[in-house]
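Remember, it's 1-based here, ligands and their atoms both numbered in the order they're listed.
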Amino acid sequence: MSISLYAPLDMHLHLRDGEMLRRVAPLSARHFAGALIMPNLIPPVSTKEDIVNYRTRIIQSIGDETFMPYMTLFFKPTYTKEFLQSVRDEITAIKLYPAGITTNSEGGVSGFDIDTLRPPLQAMSDLGIPLCIHGETGGFVMDREAEFVPIYEKLAAHFPKLKIIMEHITTKESVAALDRFDNLYATITLHHLIITLDDVAGGMLQPHLFCKPIAKRPEDRAALLKVALAAHPKVMFGSDSAPHPKESKECPGCAAGVFTAPIALQMLAELFIQNNAPLEHLQHFISANAQQIYGITPPDKEVVLLQKEFTIPQNYEGVVPMSAGEKLSWSINPAI
Ligand code: DOR
Ligand code: ZN
């Protein structure tokens with residue numbers, strides 16, 4: 001048996017830069033038609049020159065594959081309308097990080113005062129630039145995302161024409177917010193559909209499952225699964241695949257990030273099939289919904305999954321994927 005997926009999109013991807021970019025970009029480019037590229041480099045992608053040069057480096061890293069990097073800019077409250085107008089055609093979205101909340105987010109936003117944020121957000125709304133947000137407060141780690149929901153709602157209410165994407169949602173509270181505001185959307189990762197906090201820290205600590213936002217409770221995972229398997233039109237796949245070298249994960253002070261890019265489609269297919277969800281829903285979750293939400297038309301690309309056992313490699317040039325060593329029942333030829 002085989003499954004054909006058309007133009008799979010990963011709407012939240014960390015490709016990094018330099019040597020790491022060279023290692024991981026081909027893995028995403030092999031399986032996906034395009035991805036929304038996160039801007040949290042050091043220093044962050046925050047000028048027109050940064051965007052253009054980073055896109056060039058990505059394209060140089062992917063070889064002959066058909067793959068569209070959809071670029072993002074790192075949000076700063078100081079962006080003017082003139083600046084945003086000048087970068088409009090180079091970007092697909094702008095990513096907002098609360099300052100210090102995750103990897104390389106120190107230059108992010110320190111407060112959500114509407115008057116302070118109004119000039120750039122109103123300009124983005126006028127120019128039709130979507131706003132992607134890492135929605136966590138500085139509160140207790142399990143409550144950070146739920147505490148951020150009122151901030152999402154405040155922003156959605158003040159800027160009703162601005163498309164706001166709640167990135168990598170992990171809670172039932174975020175799922176519920178989707179239906180309260182027309183302009184709220186969400187990405188969901190593979191790992192948050194599969195694991196809970198128990199898998200991270202319930203037994204021996206699993207550094208390769210440690211990420212921000214941290215995986216939550218079974219009822220949260222159930223709420224995410226429900227909307228993903230139903231291909232709720234306001235949710236789309238975003239892996240948040242975030243590679244770190246093995247030494248930065250298997251050490252005290254483990255870096256946050258789960259690396260899933262090369263196994264995401266195979267595991268998603270397995271998940272949808274195990275849960276008896278129609279494959280048409282998978283197609284919507286991994287491509288059609290994102291096309292609709294972002295108004296993008298990805299390049300033509302068909303990815304064929306075969307029902308053939310695949311053992312997940314222990315590492316990809318020193319980057320350990322989620323579920324390393326486990327067997328999957330779907331593979332993509334040639335298997336990587
Ligand atoms: O776990 C995470 N890793 N969450 C993020 O928000 C950032 C990412 C990274 O860049 O490593
Ligand atoms: Zn991310």
Please set out all donor-acceptor pairs under 3.5 angstrom arising from side-chain atoms of residues 146-154, sequence neighbours excluded.
unit_1	atom_1	unit_2	atom_2	d
Glu147	OE1	Thr137	OG1	2.6
Tyr152	OH	Ile133	O	3.3
Tyr152	OH	Gly135	N	3.2
Glu153	OE2	Arg180	NE	2.8
Glu153	OE2	Arg180	NH2	2.6
Lys154	NZ	Phe112	O	2.9

Whether [X] has an N, O or S atom under 2.8 Å from the Zn ion (ligand 2):
X	answer
His134	no
Asp240	yes
His14	yes

List the closest protein heavy-atom neighbour of [atom]: residue, atom name, distance to the nearest 0.1 Å.
atom	value
atom 5 (C) of ligand 1	Thr102 OG1, 3.0 Å
atom 4 (N) of ligand 1	Lys212 O, 2.7 Å
atom 3 (N) of ligand 1	Ala256 O, 3.0 Å

Please state which part of [X] comes within less than 4.0 Å of ligand 1, counting heavy atoms only: side chain, backbone, both or neither.
X	value
Ile101	neither
His191	neither
Met38	neither

### Message
So if I count the atoms of ligand 1 from 1 in the order they appear, which ones are less than 4.0 Å from some heavy atom of His134?
### Response
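Here the atoms of ligand 1 in question are 6 (O).
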### Query
Can you list the atoms of ligand 1 that are under 4.0 Å from a heavy atom of Ala242?
3 (N), 8 (C), 9 (C), 11 (O)
### Task
May I ask which of Asp240, Thr189, Val258, Thr103 has a heavy atom nearer to atom 9 (C) of ligand 1 than the others do?
Thr103
### Query
What pairs with Cys251 under side chain to side chain contact (heavy atoms under 4.5 Å, CB included), at least two apart in sequence or on another chain?
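Once residues adjacent in sequence are excluded, Cys251 has no partner under the side chain to side chain contact (heavy atoms under 4.5 Å, CB included) criterion.
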### Query
With respect to His134, which candidate in His168, Lys95, His12 satisfies the side chain to side chain donor-acceptor pair (under 3.5 Å) definition?
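Exactly one pass, corresponding to His168.
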